[in-house]
Enquirer: 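Next up is a structure, given as structure tokens.
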Amino acid sequence: MSRDTAGRRTRPSAPRTPPRARPAAVVVAPVLALVLIAVAVVAVRDLALTQGWAAGTPWAPSLLDGLDGLSPSAGLAAAGTLVALTGLVLVWLGLKPGRRTHLRGAGEADLWLSTGAVAALAQSTADRVAGVVSADASRTSRRRVTVDVVTTANPAADTHSDSQAVTERVRTALDADVAPLTGASIKVRTTEMPR
Amino acid sequence: MTPRLLRIDRAVTFLAGLALTALGLLLIDWQYHWAFRDYPTTFSTDPADEVVTADWFPWALAVVGIILGLLGLLWLLAHLRRRGPSTLRLSASDETGRVQADLRSIADAAAVRLGNLAPVTGVKGTPLTVGSHPVIVLRGCVDPAAAPAAITDAADVCTQDVAAAFPDHEVTCRILLDAPQRSRFRRDTRVRVR
């Protein structure tokens, strides 16, 4: 640990680049690399055939012969549409960065939690609150978690206020323990179960 | 995979996409003449025939093909390489000798330390490069029963440990926590007593 000018201990500057999943282009890249290798194989094969090292017909001149005399048609336009659409997909994949996978954790440490981890902590925290029969958390978006809480309905008492009190306790517990960890928004939904 | 390789993947994918899009639009426009009208009625390869039938063409094609093939092979193999540095030369190195840190061992030790301190499971340590900076990445799954404060406290301790090992901030520590892994066939055996 180093010290600043006042002699206090300072923490190292953590890299602020958020963790990301691999971009989709990573899947396309090996396919494109294989296409390049295939071009090499065809080129060497054609060389071997034209030099008489092997028997067969070279593919490059045959390909040109096949293209010669091509004229516009609806079929070719349809093929062009497919090619253009494939190209647009590749352009989109090339531009699309990897999605952010984690939320920044509280504190000075370079701590990151996935939304699923926040949901698991939220579920466990809600489950420990008195009056909760069961709790289930799910991620609704990258920064939102919804906790479904089941409480019991007491026919003798004012069930609505009873359930409201449990919901409030759950919300307080989540706001105190889990929400400050990443700043993720946690929504609580309550369902009453007849006793 | 290095950030540089990811940039290459994205750039080549983008360029290949642009080329395919242009080719596809050209084929469509040849039929419907939406953008241009000066197209030949038939496609002729006569100008290329002379080149393709020349003696030197197969050799030139083979040379270009082999270069492209080697680039493709290197590109493909680059995807199999590990992402981060395994060792780091420290600033204490001078003309009398070299001081190197084995980052993999440090990452393993830091992972064990985090596993002992924090309510997390399956922690693995890996040295990676994040934004051209060597980082020990500790990745594990949170124990749902954990108190969130225990996680942040343990993260602080691990960060301080790595910072103490590398006072010049040559290496930092990053902690990634995921949801606990659920078994498909796991049954919840808890019973709530009222």
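Sequence lines set the chain letters: A, B, ... in the order given, protein chains first and strands last, and positions in each chain run from 1.
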Enquirer: Under 4.5 Å heavy-atom distance to chain A, tell me which part of B/Ala48 shows up: side chain, backbone, both or neither.
Expert: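 For B/Ala48, heavy atoms of backbone and side chain both lie under 4.5 Å from chain A.
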Enquirer: Heavy atom to heavy atom, less than 4.5 Å: which residues from residues 31-44 of chain B reach chain A?
Expert: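 B/Gln31, B/Tyr32, B/Thr41, B/Thr42, B/Phe43, B/Ser44, listed by number.
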Enquirer: If you look at every heavy atom in B/Pro144 and A/Arg128, which pair is closest and at what distance?
Expert: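 Distance-wise, the nearest heavy atoms are O-NH1, 4.4 Å.
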Enquirer: For chain B, which candidate among A/Pro97, A/Ala106, A/Ala60 shows the most heavy-atom pairs at distances under 4.5 Å?
Expert: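 The option with the most such pairs is A/Pro97.
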Enquirer: Honestly curious: do A/Val31 and B/Leu20 fall in one hydrophobic cluster under the side-chain, below-4.5 Å linking rule?
Expert: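 No, separate clusters.
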Enquirer: Just give me the residue among B/Leu71, B/Leu27, B/Asp46 that pairs up with chain A most often, heavy atom to heavy atom, under 4.5 Å.
Expert: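 Between B/Leu71, B/Leu27, B/Asp46, the count favours B/Leu27.
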Enquirer: Relative to chain B, which of A/Ala48, A/Ala77, A/Gly105, A/Ala119 shows the most heavy atom pairs under 4.5 Å?
Expert: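 Option with the top pair count is A/Ala77.
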Enquirer: So which part of B/Val142 gets closer than 4.5 Å to some heavy atom of chain A, the side chain, the backbone, both or neither?
Expert: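 Interface part for B/Val142: side chain.
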Enquirer: With a 4.5 Å cut-off on heavy-atom pairs, point out which of A/Pro72, A/Gly94, A/Gly87, A/Pro58 contacts chain B the most.
Expert: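 Among the listed options, the one with the most contacts to chain B is A/Pro72.
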Enquirer: Starting at CG of B/Leu26, measure out to CG of A/Leu76 and round the result to the nearest 0.5 Å.
Expert: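 Answer rounded to 0.5 Å: 10.0 Å.
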Enquirer: Please classify the contact of A/Thr81 with chain B as side chain, backbone, both or neither, using a heavy-atom distance under 4.5 Å.
Expert: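 Both parts, backbone and side chain.
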Enquirer: What part of A/Pro180 lies closer than 4.5 angstrom to a heavy atom of chain B: side chain, backbone, both or neither?
Expert: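 Looking at A/Pro180, nothing touches chain B.
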Enquirer: Drop me the distance from A/Lys96's NZ to B/Thr13's OG1, to the nearest 0.5 angstrom.
Expert: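 One gets 12.5 Å once the value is rounded to the nearest 0.5 Å.
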Enquirer: If you count the non-hydrogen atoms of other residues, nucleotides and ligands that lie under 6.0 Å from CZ in A/Arg169, is the total more than 12?
Expert: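 Yes, enclosed.
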Enquirer: Chain A heavy atoms under 4.5 Å from B/Asp29: which part of the residue, side chain, backbone, both or neither?
Expert: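 For B/Asp29, neither part sits under 4.5 Å from chain A.
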Enquirer: In this structure, would B/Ile66 and B/Leu76 fall into the same cluster of hydrophobic residues linked by side-chain contacts under 4.5 Å?
Expert: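 Cluster IDs for B/Ile66 and B/Leu76 differ.
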Enquirer: Among B/Leu176, B/Asp156, B/Leu138, B/Ile151, which residue meets the side-chain contact (heavy atoms from CB on, under 4.5 Å) test with A/Leu111?
Expert: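 Result for side-chain contact (heavy atoms from CB on, under 4.5 Å) with A/Leu111: B/Ile151.
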Enquirer: For a quick test of reading the model, state the closest non-hydrogen atom pair linking B/Gly65 to A/Ala43 and the distance between them.
Expert: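 Here B/Gly65 and A/Ala43 meet closest at CA-CB, 4.0 Å.
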Enquirer: Can you find a pair of side-chain heavy atoms, one from B/Val130 and one from A/Asp110, that are under 4.5 Å apart?
Expert: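 Side chain of B/Val130 against side chain of A/Asp110, heavy atoms only: no contact under 4.5 Å found.
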Enquirer: What heavy-atom pair brings B/Leu6 and A/Pro23 nearest, and what distance separates the two atoms?
Expert: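 Closest heavy-atom pair between B/Leu6 and A/Pro23: CD2-CD, 3.9 Å.
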Enquirer: Examine distances only and state if a side-chain atom of B/Thr159 and a backbone atom of A/Ala109 form a donor-acceptor pair shorter than 3.5 Å.
Expert: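 The answer is no, because no donor-acceptor pair under 3.5 Å joins these two groups.
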Enquirer: Looking at B/Val52, B/Asp55, B/Leu18, B/Ile8, which one has more heavy-atom pairs under 4.5 Å with chain A than the rest?
Expert: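 If we count pairs closer than 4.5 Å to chain A, B/Val52 comes out on top.
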Enquirer: Heavy atoms, side chains only, cut-off 4.5 Å: are B/Thr152 and A/Leu181 in contact?
Expert: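 A side-chain contact exists here, since the closest heavy-atom pair is under 4.5 Å.
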Enquirer: As an exercise: rank A/Thr86, A/Thr125, A/Val91 by heavy-atom pairs under 4.5 Å with chain B and give me the winner.
Expert: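 So the answer, after comparing A/Thr86, A/Thr125, A/Val91, is A/Val91.
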Enquirer: Which heavy atom of B/Ala145 sits nearest a heavy atom of A/Ser124, and at what distance?
Expert: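 Where B/Ala145 meets A/Ser124 most closely, the heavy atoms are CA-OG, 3.4 Å.
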Enquirer: Given the options A/Val39, A/Leu64, A/Thr50, A/Val28, which has more heavy-atom pairs under 4.5 Å with chain B than any of the others?
Expert: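 Ranked by heavy-atom pairs under 4.5 Å with chain B, first place is A/Leu64.
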Enquirer: Taking all heavy atoms of B/Gly72 and all of A/Ala33, pick out the closest pair and write down the distance.
Expert: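 That closest heavy-atom pairing would be O-CB, 3.4 Å.
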Enquirer: May I ask whether B/Val112 and B/Leu103 are part of the same hydrophobic cluster, defined by side-chain heavy atoms of I, L, V, M, F, W, Y residues being less than 4.5 angstrom apart, directly or through others?
Expert: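 B/Val112 and B/Leu103: separate clusters.
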Enquirer: Does the side chain of A/Leu47 come within less than 4.5 Å of B/Leu61's, by heavy atoms?
Expert: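 Counting from C-beta outward, B/Leu61 and A/Leu47 never come under 4.5 Å.
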Enquirer: Check whether more than 12 heavy atoms from other residues, nucleotides or ligands sit under 6.0 Å from atom CZ of B/Arg4, and answer yes or no.
Expert: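 Atom CZ in B/Arg4 is not crowded, with 12 or fewer foreign heavy atoms closer than 6.0 Å.
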Enquirer: Flag yes if B/Leu80 and A/Ile37 sit in one hydrophobic cluster, no otherwise; membership is Ile, Leu, Val, Met, Phe, Trp, Tyr, and two members link when side-chain heavy atoms are under 4.5 Å apart.
Expert: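 Yes; tracing contacts between hydrophobic side chains, which count when under 4.5 Å, links both residues.
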Enquirer: Are A/Trp92 and A/Val83 co-members of a hydrophobic cluster defined by side-chain heavy atoms under 4.5 Å apart?
Expert: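 A/Val83 and A/Trp92: one cluster.
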Enquirer: To the nearest 0.5 Å, what is the distance between CG (A/Leu103) and CG (B/Leu177)?
Expert: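 Taking CG in A/Leu103 and CG in B/Leu177, the distance rounds to 11.5 Å.
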Enquirer: With a 4.5 Å limit on heavy-atom distance, are the side chains of B/Arg174 and A/His102 in contact?
Expert: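 No - every pair of side-chain heavy atoms lies 4.5 Å or more apart.
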Enquirer: How long is the gap from CG on A/Leu36 to CG on B/Leu70, to the nearest 0.5 Å?
Expert: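 Here the rounded value is 10.5 Å.
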Enquirer: Does B/Thr21 reach the side chain of A/Leu90, with side-chain heavy atoms less than 4.5 Å apart?
Expert: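 Not in contact.
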Enquirer: Could you give the distance from CG (A/Leu121) to CG (B/Asp143), rounded to the nearest 0.5 Å?
Expert: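 Between atom CG of A/Leu121 and atom CG of B/Asp143 there are 8.5 Å.
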Enquirer: What I'd like to find out is whether the side chain of A/Leu32 reaches to under 4.5 Å of the side chain of B/Trp75, using heavy atoms alone.
Expert: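 They are in contact (side-chain heavy atoms under 4.5 Å apart), so the answer is yes.
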Enquirer: Is there a donor-acceptor pair closer than 3.5 Å between any side-chain N or O of A/Asp68 and the backbone N or O of B/Thr45?
Expert: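 Between the backbone of B/Thr45 and the side chain of A/Asp68 there is a qualifying donor-acceptor contact (under 3.5 Å).
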Enquirer: Side chains of A/Asp46 and B/Pro58: does their closest heavy-atom pair fall under 4.5 Å?
Expert: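 No, too far: nothing below the 4.5 Å cut-off.
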